[in-house]
> 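First, the structure itself, so that you have it in front of you.
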Amino acid sequence: MLLIPCPYCGERPEIEFSYGGEAHVVRAPANATDAEWTAFLYQRSNARGSYAERWRHAHGCGRFFNARRNTVTDFFEQTYKIGEVPA
Amino acid sequence: MADIALAHADARRTAPLPGAVDRRIEKSAPLTRFVLRLPEESLTAAGAALGLDFTAPINRAVTSGDRTALRLGPDEWLVLAPATDAAIPGGLAAGLAGRLFSLVDVSHRQTGIRLAGPHAAAMINAVCPLDLGLAAFPVGMATRTIFAKADIVLWRTSPASFHLEIWRSFAPYVAALLHEIGREYPD
Amino acid sequence: MQKFSAFALAKEALSGQKGWDRQWRDAAPKPAYEAIIVGGGGHGLGTAYYLAKKHGLRNIAVLEKGWIGGGNTGRNTTIIRSNYLFDESAALYDHAVKLWEGLSADLNYNVMFSQRGVLMLSHNVHDEQVFKRHVHANRLNGVDNEWLSPEQAKSFCPPLNIGPGMRHAVTGAALQRRAGTARHDAVAWGYARAADALGVDIIQNCEVTGIDRDASGRISGVQTSRGAIATRRLGIVAAGNTSVLMAMAGQRMPLESYPLQALVSEPIKPIFPCVVMSNTIHAYISQSDKGELVIGAGTDAYISYSQRGALHISSHTLEAICELFPMFRRMRMLRNWGGIVDVTPDRSPIIARTDVPGLYVNCGWGTGGFKATPGSADLFAYTMAKDEPHRINAPFNLERFGAGRLIDEAAAAAVAH
Amino acid sequence: MTQTYRLATGGLIDRSRTVPFTFDGKAMTGHAGDTLASALLANGVHLVGRSFKYHRPRGIVSAGAEEPNALVGVGRDEGHYTPNLRATQVELYHGLRAESQNRMPSLERDVGSITDRLWRFFPAGFYYKTFMWPKGAWTKFFEPRIRAIAGLGRSPAAPDAARYAQIYAHCDVLVIGAGPAGLSAALTAAETGARVIICDEQAQFGGALLAEPGKSAWLAEQRARLAGFANITMLPRTIAFGYFPHNMIGLAQDLTDHQGEASDDAPRGRLWQVRARQVITATGAIERPLVFPDNDRPGIMLADAARTYVERYAVKPGNRAVVFTAHDDAYRAAVSLHRAGVAIAAIVDLRESPAGPGLDAARTAGLPVRTHATIIGTEGNLRVAAVSVATIGETKSERIACDLVLMSGGFTPSVHLFSQSRGKLAFDPALDAFIPGTPAEPTIAAGAAAGCQSLEAAIASGRAAGLSATGQAVAAPVAETGAAGFLGEVPHGRDPASVRAFVDFQNDVTAKDITLALSEGFRSIEHVKRYTTTGMATDQGKTSNMNALGIVSKSLGVAIPSIGTTTFRMPYTPIPFGYFAGYARGELVEPVRETPIHAWAAEHGAVFEDVSLWKRARYFPRGAETMHDAVARECAAVRAGVGLFDASTLGKIEITGPDAAEFLNRMYVNAWTKLKPGRLRYGILLREDGFIIDDGVVGRIADDRFHVTTTTGGAARVLNMMEDYLQTEFTDLKVWLTSTTEQYAVIAVQGPRARAVIAPLVEDADISAAAMPHMSVVECRVAGVPARLFRVSFTGELGFEINVPADYGRAVWEAVAQAGQAHGIVPYGTETMHVLRAEKGYIIVGQETDGTATPDDVGLTWAIGKAKPDFVGKRALARTALASQTDRKQLVGLLTADPAEVLEEGAHLVADPAQAVPMTMLGHVTSSYWSAALNRSIALAMVRNGRARIGQTLHVPLPGRSVAVTLTDPVFYDPEGARLDG
């Protein structure tokens with residue numbers, strides 16, 4: 001069970017959180033091409049190493065936030081609020 | 001006829017939890033409950049309207065008289081008051097006229113459970129992953145968290161007592177599980 | 001290839017077991033190959049075998065960054081079945097089951113395919129509706145699958161608890177009798193040995209670090225930890241690491257890689273005659289030939305290449321196992337391990353050509369790739385050899401997502417109301 | 001039997017307490033403080049089990065968790081039976097019953113040992129090379145026979161009677177192992193006031209010191225100091241079995257197993273999940289066996305284990321011993337046994353010129369030492385009887401009679417947990433061992449686990465670990481180099497093909513098996529392990545892995561660090577499933593969610609069904625009614641009069657804020673801006689890929705307040721999806737979401753008499769048809785309770801849904817039921833609800849749709865707000881490929897040729913039922929019922945291009961027959977909707 005630093009509540013156990021997939025995937029606009037739309041919907045970098053992802057402290061403060069985590073070691077590099085620019 | 005129905009209903013509101021015979025586990029009296037959402041600019045006015053300090057940090061309880069507000073999120077409070085307190089919606093509406101806020105009555109959504117005794121923290125920690133040491137979880141701390149497979153609000157009211165707020169259909173499960181856990185802990 | 005048989009064993013018993021050949025050569029990379037397969041699991045080794053055997057390619061290499069069979073091939077719970085709902089899936093997995101049935105003889109390697117039957121438990125009305133839909137579709141597709149009452153299920157699997165007091169009662173089960181298990185390591189080794197005998201180079205400890213393309217954009221070779229190797233036909237069969245490899249060719253994939261864990265108990269005398277699965281409460285269990293209870297758990301919530309799963313995930317599965325089989329509550333967990341599964345948006349695999357000429361990909365098997373191993377390998381070999389998909393794997397292309405033609409078995413079972 | 005081999009004095013056993021037990025039915029006694037192994041040895045029993053493959057007789061090898069051989073089944077009855085327990089770890093208790101395993105009919109005479117006589121036919125991996133012919137024979141013939149021989153113990157035959165506890169804990173420092181290093185570490189850390197947890201697998205703290213009578217005073221002092229710290233939690237009988245990310249450690253604490261007949265009221269054990277700021281692994285080291293021909297006979301044991309039996313348990317493990325060693329520590333054992341009265345026939349040392357205090361002491365005691373010598377074979381069937389000793393390199397050997405052989409190949413630090421934590425191991429050539437290197441987590445190794453072999457060094461390293469774990473300076477690193485020992489097969493000069501020198505005792509893997517695997521091309525250590533099964537037994541290679549590595553290293557000529565180790569995996573020792581399942585059993589597995597009206601329904605005979613976590617009333621049978629009869633009656637009652645339905649499980653979300661309507665515009669396919677307060681609309685929610693995920697009725701309570709309903713199973717998913725868009729995508733909107741699912745009980749009153757029933761109960765609202773049309777909502781009082789009253793219908797009849805605060809739900813329900821008596825009101829369940837809505841062609845998300853259906857597929861295009869610039873899923877629906885598909889499955893109705901035939905849900909449709917398998921399927925039946933209103937069967941189906949096929953006949957092939965069906969419009973009943981107004 002990971003220990004996840006919620007930007008609002010501090011370090012909390014993983015089972016309080018739900019996972020939100022890759023972060024900073026920009027929703028394609030309504031006039032996007034089919035290819036752009038498909039890329040937005042389905043394609044993910046799925047990086048091995050540092051990965052930007054979204055979590056929600058669902059059983060805590062309820063907030064979505066972003067994180068950078070190393071997907072090989074599972075250690076968090078940083079977490080930051082939605083709208084904030086990562087350090 | 002309507003009044004008869006209401007009288008029956010009020011009797012049920014104060015009925016004990018099913019299956020809970022452990023005196024450490026007690027259903028709280030009926031409460032008025034609101035989910036209150038306040039943007040930053042409404043904090044002071046809301047505080048003045050309800051007599052509660054909404055600038056206190058996240059995951060803390062603030063109490064004034066019979067009213068308590070648990071800050072569960074950066075802009076979210078669970079306001080608890082006696083069932084007889086009918087002044088909250090009106091008070092807020094008056095005090096926050098023209099300002100943004102959201103108030104939703106959840107009085108019946110939840111069941112309150114009080115757990116008290118020297119082993120209260122250990123009993124909760126049986127299935128709740130938070131650090132409930134007094135340093136990490138002091139008196140007055142309140143947060144949503146996980147209790148086995150239920151989402152609960154956990155509020156420490158004294159070193160050896162907690163108030164739990166649970167969605168009503170999960171409350172029998174939480175009570176039964178607390179009872180099962182408590183079997184090995186002396187009163 | 002040296003023939004394995006009871007006679008050969010007897011002969012070696014009398015001569016001190018000194019006459020056994022190496023099962024495959026420890027090949028060093030050559031400068032160039034007609035085709036290169038990246039990934040030395042069952043799917044990759046099988047692809048090389050069928051490319052050589054059925055399509056006449058002779059100059060093939062399988063590149064494996066570690067040791068063959070060390071990825072999901074050697075980490076799964078070896079369930080084999082084909083009672084899938086959709087025509088496309090049923091055709092794919094039943095193609096595999098038919099190959100499984102002859103695989104030991106084909107490879108001259110006992111892969112221990114054991115058609116013990118797979119029971120899939122139903123726990124509510126919605127499960128029953130979904131499973132009966134499967135049974136009907138399977139019958140019309142020629143795939144065996146039958147509906148059992150709880151009592152019939154218990155008679156097929158005596159340890160099963162169908163009594164009162166369960167949180168999730170057993171309301172029935174779907175049974176595929178031709179389904180079962182196989183010995184995972186033997187699949188990798190059997191394919192390796194048979195492919196090696198056909199001249200395939202199996203190159204271990206050879207990690208691909210780059211993919212080369214010529215001016216036209218076509219695949220021209222790979223960079224590896226053991227040097228550059230040229231090829232114009234490259235098949236990626238690397239399960240959890242597919243996204244990483246495809247990124248080397250500039251391809252973003254509709255994949256996410258999750259930890260999946262499994263565990264075994266200490267070995268006991270035969271007690272469990274089949275495979276039992278419950279998708280609703282996340283339990284997958286069988287007993288190995290060695291006697292261990294083999295139990296599959298769920299995936300973790302987050303992407304990870306760490307090859308380990310969280311304790312609460314396996315605990316959740318053991319809760320379900322202990323409810324379904326209360327006498328196993330005192331059985332002890334002996335070993336727990338994790339793999340990396342690559343999951344597509346519709347949880348169905350991709351066996352396809354890509355936009356890059358000469359680049360082919362076989363991935364997205366999620367938690368259920370082992371069962372498809374021979375079928376997947378056969379169809380991927382066909383696709384690489386002909387530069388076009390076989391009829392069976394044609395629907396499992398990369399374009400289906402954009403086209404909205406998902407093959408979404410999981411969504412078909414989605415719970416609502 | 002009497003305790004013939006019990007020493008008169010010494011040890012930590014309590015001679016005043018005699019403990020009776022049985023082994024294979026034979027009555028014996030031991031003393032409090034014994035393990036089953038020490039008690040058996042006290043009774044002269046060495047033969048305790050049979051090995052996995054060859055069924056070889058086996059004895060006790062060790063005195064701890066590493067035991068490969070002495071596996072027994074223990075339990076007073078089937079409800080308390082556990083197979084495969086290590087006798088070395090089972091604390092003796094009054095009345096303990098143990099049985100040996102893997103033998104038939106008895107331990108002494110086992111028919112399975114035929115495999116031992118035929119061992120030449122069963123080399124490593126033999127099963128891969130045969131049993132392939134004829135086809136099918138594997139499953140039917142060979143496999144059942146192999147399975148019967150394999151396995152060790154037997155499964156318990158009855159459900160477990162025990163209860164299990166769990167706990168989450170946090171600490172500053174977790175010390176794993178309470179030997180000299182662990183004790184020092186814990187005390188040092190505790191002095192700073194840090195929260196310390198110290199655990200040890202044994203009943204008593206002390207570790208190796210428990211077998212050191214000379215150190216008992218020091219140990220007692222340390223234990224007393226521990227007890228003085230309130231900030232130390234002491235956990236004896238607690239195994240640290242797993243190291244999880246972010247310094248979470250899994251501990252398994254035995255609470256009552258050692259008490260024997262303890263009440264099942266007390267938990268059997270507790271799973272601890274400890275989050276520690278710092279972990280100190282003081283887990284000790286494990287002695288290695290030596291690999292020599294026939295090294296597996298009962299009576300051949302580890303030297304330090306023999307010494308432990310003498311010093312801690314006061315048991316003489318034999319009368320005449322030969323000691324075989326490559327490490328100085330075995331000399332200590334020899335001296336100890338010698339003092340206890342065991343004749344030391346010889347000390348055979350592999351080393352050419354050993355030296356050390358142990359050797360000096362042995363020589364002083366006059367024990368015969370042969371250096372540069374080896375054991376080339378042993379004799380004895382059920383117990384070792386003699387060994388043959390030869391000088392290395394020479395063939396001439398000397399036969400030495402004995403009933404006990406001690407062996408020591410040196411020590412392997414227990415790096416399991418450190419390695420599980422993903423720390424990097426470093427190979428120490430001076431120790432011939434892997435020791436902890438670079439850590440990945442905040443973890444420190446101390447004592448023998450870090451390679452310290454002397455007591456002084458262990459204590460010092462424990463103290464240093466305690467300092468550093470609490471952020472204090474460590475004066476000087478602990479420097480000590482122990483001795484290596486021996487790895488691999490010892491030199492014996494015999495034909496390797498004709499001898500068996502066991503590496504993995506339990507799995508019967510010999511040195512020869514490993515070299516066979518190498519010669520067959522299995523070069524990776526993982527391949528060697530899997531092909532030979534070395535290290536895969538229940539001891540997970542604790543005594544065998546390093547020797548296997550040594551053999552591979554020598555055979556391939558590759559240094560051990562270049563080969564690496566196999567992966568260490570949790571658990572360190574086997575842990576019962578029950579620990580992980582914990583409190584979750586029966587009803588506590590998952591919450592059972594019940595509505596405020598549940599008890600009423602139960603009292604009125606409802607049959608319930610599970611829908612997600614909820615219990616929902618499915619139907620209300622009267623007397624002996626079947627479900628079919630009850631549902632037909634309930635349906636008829638609703639159509640003709642009025643019915644009462646509990647819809648409380650529907651998800652509800654209160655959406656508030658000035659931008660609430662705009663938020664709904666962006667989330668749902670429908671247009672919301674023009675919906676007036678007091679009106680309802682049916683909403684459809686898509687995923688971003690354009691497929692339906694949920695639906696429900698949405699009411700506008702005020703300009704800035706909506707009451708949204710969702711499906712029962714979708715409530716949490718929809719709220720999370722909305723929060724996601726609100727917080728991360730539509731951050732410009734001033735909107736708040738609150739779940740109100742459980743705030744309201746929802747009482748549906750449906751049928752032509754619905755208004756007549758509720759009218760007398762309603763205050764503060766005009767519910768006449770004119771004032772309150774279909775699809776409207778009003779806030780009022782019902783039965784005196786504040787309510788949101790919806791006029792809405794999922795039945796096609798005039799209908800209301802009364803939303804009241806949940807605590808009043810049952811009272812209002814009863815008031816409605818009472819008011820409805822005069823109108824013949826009938827409670828109905830989900831099954832009737834399904835039939836009624838199917839008669840109207842209303843879909844159920846998850847039944848008609850399956851996650852791949854668009855609104856158009858189910859005939860709901862009309863609901864889409866065409867003018868909206870965007871909504872979730874809009875762009876996906878416009879995808880060229882999706883829009884151009886002409887063979888999508890569409891919702892249609894089905895009527896069977898025989899009106900009495902009710903199709904099975906899930907049945908498939910084809911054009912030609914006579915076609916060959918695999919058939920071309922055109923669709924499937926999603927819902928199928930007997931319609932009382934139409935007096936015939938009806939069904940809904942999703943059929944390829946179905947709307948264009950309406951009027952056509954298709955076929956539903958069933959086993960042995962086929963049913964012809966006509967495709968129709970999906971609305972079977974009252975297509976004009978006239979009945980909605982009652």
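Because the structure is a prediction, the values reported are computed rather than measured. FYI, side chains are in, hydrogens and waters are out, and symmetry mates aren't considered; it's all heavy atoms of this structure. A, B, ... follow the sequence lines: proteins, then strands. Residue 1 opens every chain.
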> Which answer fits A/L3, side chain, backbone, both or neither, if we ask what part of it has an atom under 4.5 Å from a heavy atom of chain D?
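When you check distances to chain D, atoms from both the backbone and side chain of A/L3 fall under 4.5 Å.
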> Would you please indicate yes or no on a ring centroid separation below 6.0 angstrom for A/F64 and A/W55?
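They do not qualify: ring centres at least 6.0 Å apart.
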> Please look at D/A881 and chain A and tell me whether the side chain, the backbone, both or neither of the residue comes under 4.5 angstrom of a heavy atom of that chain.
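The answer is the backbone of D/A881.
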> Is any side-chain N of the basic residue among D/R666 and D/D732 closer than 4.0 Å to the acidic one's carboxylate O?
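The answer is yes: the pair qualifies as a salt bridge.
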> Using a cut-off of under 4.5 Å for heavy-atom pairs, which of D/E441, D/K874, D/E723, D/Q273 has the most such pairs with chain A?
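Option with the greatest count: D/E723.
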> Any salt bridge linking D/R277 with D/D172? Criterion: basic side-chain nitrogen under 4.0 Å from a carboxylate oxygen.
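Yes, this pair counts.
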> With a 4.5 angstrom heavy-atom cut-off, which part of A/R63 approaches chain D: side chain, backbone, both or neither?
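For A/R63, heavy atoms of backbone and side chain both lie under 4.5 Å from chain D.
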> Could you tell me whether the side chain of A/E53 reaches within less than 4.5 Å of the side chain of A/R69, counting heavy atoms only?
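Touching, per the 4.5 Å side-chain cut-off.
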> Which bit of A/T33 is near chain D, if near means a heavy-atom gap under 4.5 Å: side chain, backbone, both or neither?
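When you check distances to chain D, only backbone atoms of A/T33 fall under 4.5 Å.
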> What part of D/R687 is in contact with chain A, defined as an atom under 4.5 angstrom from a non-hydrogen atom: side chain, backbone, both or neither?
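Answer is neither: D/R687 stays 4.5 Å or more from chain A.
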> Most heavy-atom pairs under 4.5 angstrom with chain D, which of A/E14, A/E11, A/R56?
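So the answer, after comparing A/E14, A/E11, A/R56, is A/R56.
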> Salt bridge or not for A/R54 and D/D724, using N-O below 4.0 Å?
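Looking at A/R54 and D/D724, the cut-off is met.
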> Is any side-chain heavy atom of D/F663 closer than 4.5 Å to one of D/M722?
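Yes. Closest side-chain heavy atoms under 4.5 Å.
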> Only pairs of heavy atoms separated by less than 4.5 Å count here; which of A/N66, A/L41, A/T73, A/D74 has the most with chain D?
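Result: the option with the highest number of such pairs is A/L41.
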> Let me know if D/D689 has heavy atoms under 4.5 Å from chain A in its side chain, its backbone, both or neither.
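Both backbone and side chain of D/D689 come within 4.5 Å of chain A.
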> Can you tell which of A/A32, A/G20, A/A28 has the highest number of heavy-atom pairs within less than 4.5 Å of chain D?
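Highest number of pairs under 4.5 Å: A/A32.
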> Would you sort out whether D/Y668 and D/F706 count as a ring pair (Phe, Tyr, Trp, His ring centres under 6.0 Å), showing the intermediate values?
CA-CA 13 Å; D/Y668 281 78; D/F706 287 80; 9.9 Å; no
> Are the side chains of D/V196 and D/Q278 in contact, using a 4.5 Å heavy-atom criterion?
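Counting from C-beta outward, D/Q278 and D/V196 never come under 4.5 Å.
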> So D/F418 and D/L425, do their side chains get closer than 4.5 Å, heavy atoms only?
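Result yes, sub-4.5 Å side-chain heavy-atom pair found.
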> Counting only heavy atoms closer than 4.5 Å, note whether A/F40 contacts chain D via side chain, backbone, both or neither.
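Answer is side chain: those atoms of A/F40 sit under 4.5 Å from chain D.
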> Name the region of D/E688, side chain, backbone, both or neither, that has any atom closer than 4.5 Å to a heavy atom of chain A.
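The answer is both parts of D/E688.
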> Heavy-atom pairs under 4.5 Å with chain A: which of D/T731, D/T728, D/L882 has the most?
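Greatest number of close heavy-atom pairs with chain A: D/T728.
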> Less than 4.5 Å to any heavy atom of chain A: does that hold for the side chain of D/N720, its backbone, both, or neither?
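Both parts, backbone and side chain.
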> Which region of D/F871, side chain (C-beta onward) or backbone (N, CA, C, O), has a non-hydrogen atom less than 4.5 Å from a non-hydrogen atom of chain A, or is it both or neither?
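The backbone, not the side chain.
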> With distance as the sole test, does A/S50 use its side chain to make a donor-acceptor pair with the main-chain N or O of A/N70 at under 3.5 Å?
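No, because the side chain of A/S50 does not come within donor-acceptor range (under 3.5 Å) of the backbone of A/N70.
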